[in-house]
Asks: 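After the structure tokens below, expect a handful of questions from me.
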Amino acid sequence: MLFNYHTHTKRCNHAIGEDREYVEQAIAHGVKTLGFSDHAPYLFPNGHCAPFRMKNEELHEYANSIRALAKEYKDDIRILCGFELEFYPDFHKQEMEFLSAVKPDYLILGQHFVGNELNGYYAHRHEYLGELLLTAYVTQALAGLATGDFLYLAHPDLIGYEYDPDVREREFRRLCEGAKRMGIPLELNLLGIREDRCYPTRKFFEIAASVGNDIIIGADSHSPGSVFDSNSEQIAMDMVNELGLKLITKSLL
């Protein structure tokens, strides 16, 4: 893997290791571009701070740390400062203004909730809304991509596939076709492979192959050792080759 835009830090409270360790692991394994994209702090009007993202007051420290490393290691690797961000329609404008204070190099859309985390639904809670959740998830993800604020859609099949096959086909195809029209890549997520999660799913990427979506591999690293993992990358490449996916092989930035 020559480039990876999906890298977390310990600030999100579910990753480990120091920023420098991620960089040094990337260099050791020949990565040429390393993008940090920790879960963005979110500026909610009521001051809510979720335990799975960095605190608002860590925004500048995070950006300063990544950019200091970029300068220090500039002869060895290209380092970018980005964020993984949810699209919450009611709060997106003010969130973008908040993040603009550190001028991020890019954002990736990582949609884990339908509605928002204050009064919405976690994407895996299909027992509450059933197939309506999948439809709402796809609609919200497409609306997020339509803002033009995101480099790509992370783990597009995170919501799972335990739905009626016809509904699943319809909605996953709607997501793939919408991303294709907007020219936005979809991520084949290595964390899902490493931890045997419900994603990435062959069913989803069969649809992506038929639509002709651009596919990017994302390490979704939560520890320095997972910046490069040959086993999960090989499994991903096997899926790419078997399905004939259009893999992006050049850096997007």
Side-chain angles (χ1 to χ4, degrees), residues 3-6 33 35 37 40 80 82-93 95-96 99 104-116 120-121 123 126 129 131-161 163-190 192 198-218 220 236 239-253:
F3 55 90
N4 172 52
Y5 299 109
H6 200 161
T33 297
S37 54
L80 301 173
F83 294 95
E84 179 178 356
L85 180 67
E86 306 271 351
F87 173 66
Y88 297 153
D90 292 341
F91 308 120
H92 187 69
K93 181 179 179 181
E95 174 68 8
M96 291 298 293
L99 296 180
D105 296 315
Y106 68 96
L107 304 174
I108 59 177
L109 176 57
Q111 198 70 35
H112 299 82
F113 289 85
V114 172
N116 61 69
Y121 295 88
H126 59 274
L129 295 178
E131 294 160 3
L132 292 176
L133 185 68
L134 178 58
T135 299
Y137 177 85
V138 169
T139 297
Q140 189 164 340
L142 288 174
L145 296 181
T147 65
D149 294 330
F150 297 98
L151 184 65
Y152 71 74
L153 177 60
H155 37 60
D157 49 344
L158 171 144
I159 195 166
Y161 55 92
Y163 303 93
D164 178 271
D166 291 339
V167 175
R168 184 180 62 215
E169 167 73 22
R170 182 192 72 215
E171 292 304 320
F172 280 165
R173 185 166 295 278
R174 184 163 69 95
L175 178 57
C176 290
E177 290 177 347
K180 172 74 172 177
R181 283 194 302 272
M182 290 183 266
I184 297 176
L186 303 176
E187 181 193 70
L188 204 168
N189 185 278
L190 298 189
C198 68
Y199 60 90
T201 65
R202 187 178 183 89
K203 293 180 178 67
F204 178 89
F205 283 96
E206 285 174 351
I207 295 171
S210 70
V211 171
N213 291 99
D214 291 327
I215 303 299
I216 186 167
I217 292 178
D220 201 352
M239 184 181 293
V240 167
N241 293 328
E242 289 168 11
L243 298 181
L245 294 168
K246 291 177 57 180
L247 183 66
I248 294 171
T249 57
K250 293 183 180 180
S251 183
L252 292 174
L253 296 172

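Sequential numbering from 1 along the given sequence is applied to the chain's residues.
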Asks: Would you say the side chain of Ile159 lies within less than 4.5 Å of the side chain of Gln111, judging by non-hydrogen atoms?
Replies: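 A side-chain contact under 4.5 Å is absent here.
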Asks: Please check this pair: side chain of Glu84 against backbone of Glu86, looking for a donor-acceptor N/O pair closer than 3.5 Å.
Replies: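 Looks like no, no N/O pair under 3.5 Å.
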Asks: When you compare the side chain of Lys203 with that of Glu169, does any pair of heavy atoms fall below 4.5 Å?
Replies: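 No, every pair of side-chain atoms sits at 4.5 Å or beyond.
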Asks: Would you give the length of the straight line joining atom CE of Met239 to atom CD1 of Ile217, rounded to the nearest 0.5 angstrom?
Replies: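 Taking CE in Met239 and CD1 in Ile217, the distance rounds to 10.0 Å.
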Asks: Between Thr135 and Leu132 (side chain of the first, backbone of the second, donor and acceptor by atom type, cut-off under 3.5 Å), is there such a pair?
Replies: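 Looks like no, no N/O pair under 3.5 Å.
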Asks: Are the side chains of Asn189 and His6 in contact, using a 4.5 Å heavy-atom criterion?
Replies: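 In short, these two side chains touch, coming nearer than 4.5 Å.
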Asks: Report the residue from Tyr163, Tyr199, Phe172 that forms a ring-ring contact (aromatic ring centres under 6.0 Å, His included) with Phe204.
Replies: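 Option passing the ring-ring contact (aromatic ring centres under 6.0 Å, His included) with Phe204: Phe172.
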Asks: For Cys198 versus Leu158, what's the shortest heavy-atom pair and its separation?
Replies: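 Heavy-atom minimum between the residues: SG-O, 3.5 Å.
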Asks: Between Gly110 and Ala154, what is the shortest heavy-atom contact and its length?
Replies: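 Answer, listing the atom of Gly110 first, then Ala154: CA-CB, 4.3 Å.
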Asks: If the plane angle is over 60° it's perpendicular, under 30° parallel, otherwise tilted; pick one for Phe87 and His92.
Replies: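 The rings of Phe87 and His92 stand perpendicular, inter-plane angle above 60°.
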Asks: Return the minimal non-hydrogen interatomic distance between Asn4 and Asp220, and the atom names on each side.
Replies: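 Answer, listing the atom of Asn4 first, then Asp220: OD1-N, 4.3 Å.
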Asks: Which atom pair, heavy atoms only, marks the closest approach of Tyr106 to Ser37?
Replies: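 Answer, listing the atom of Tyr106 first, then Ser37: OH-CB, 3.7 Å.
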Asks: Rounded to the nearest 0.5 Å, how far apart are CD1 of Ile207 and CZ of Arg173?
Replies: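 Nearest 0.5 Å value for the CD1-CZ distance: 5.5 Å.
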Asks: Go through the structure and list residues passing salt bridge (Lys or Arg N to Asp or Glu O under 4.0 Å) with Arg174, not counting sequence neighbours.
Replies: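 Counting only residues at least two positions away or on another chain, Arg174 forms a salt bridge (Lys or Arg N to Asp or Glu O under 4.0 Å) with Glu171.
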Asks: I'd like to know if the side chain of Glu177 and the backbone of Val211 have a donor-acceptor N/O pair within less than 3.5 Å.
Replies: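 It does not hold such a pair.
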Asks: Measure the OG1-CG distance between Thr147 and Leu142 for me, rounded to the nearest 0.5 Å.
Replies: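 Going from OG1 on Thr147 over to CG on Leu142, the span is 11.5 Å.
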Asks: Hey, does the side chain of Asn213 reach the backbone of Ile215 with a donor-acceptor pair shorter than 3.5 angstrom?
Replies: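 Looks like no, no N/O pair under 3.5 Å.
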Asks: Applying salt bridge (Lys or Arg N to Asp or Glu O under 4.0 Å), name anything that partners Glu206, two or more places apart in sequence or on another chain.
Replies: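 Glu206: salt bridge (Lys or Arg N to Asp or Glu O under 4.0 Å) contacts with Arg202.
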Asks: Hey, could you give me the CG/CG distance between Leu175 and Asp157, rounded to the nearest 0.5 Å?
Replies: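 One gets 9.0 Å once the value is rounded to the nearest 0.5 Å.
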Asks: Would you check if the side chain of Glu187 reaches a backbone N or O of Leu153 as a donor-acceptor pair within less than 3.5 Å?
Replies: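 Such a contact is absent between Glu187 side chain and Leu153 backbone.
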Asks: Determine which pairs satisfy side-chain hydrogen bond (donor to acceptor under 3.5 Å, both in side chains) with at least one residue from residues 243-253, sequence neighbours left out, and list them in order.
Replies: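 Pairs touching residues 243-253 that pass the test: Tyr5-Ser251.
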Asks: Compare all side-chain heavy atoms of Phe3 with those of Ile216 and state whether any distance is below 4.5 angstrom.
Replies: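 Counting from C-beta outward, Phe3 and Ile216 do come under 4.5 Å.
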Asks: Looking only at heavy atoms, which two atoms of Arg168 and Tyr161 are closest? And how far apart?
Replies: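 Where Arg168 meets Tyr161 most closely, the heavy atoms are NH1-O, 3.0 Å.
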Asks: Mind listing the closest non-hydrogen atom pair of Leu133 and Ala123 along with its distance?
Replies: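 The pair with the smallest heavy-atom distance is CD2-O, 3.3 Å.
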Asks: Is the closest side-chain heavy-atom distance between Leu253 and Thr33 below 4.5 Å?
Replies: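 No, every pair of side-chain atoms sits at 4.5 Å or beyond.
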Asks: Do the side chain of Tyr88 and the main chain of Phe113 share a donor and acceptor less than 3.5 angstrom apart?
Replies: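 Checking the backbone N and O of Phe113 against the side chain of Tyr88, no donor-acceptor pair under 3.5 Å is found.
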Asks: Should Leu99 and Leu107 count as side-chain neighbours, where that means a heavy-atom distance under 4.5 Å?
Replies: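 They are in side-chain contact.
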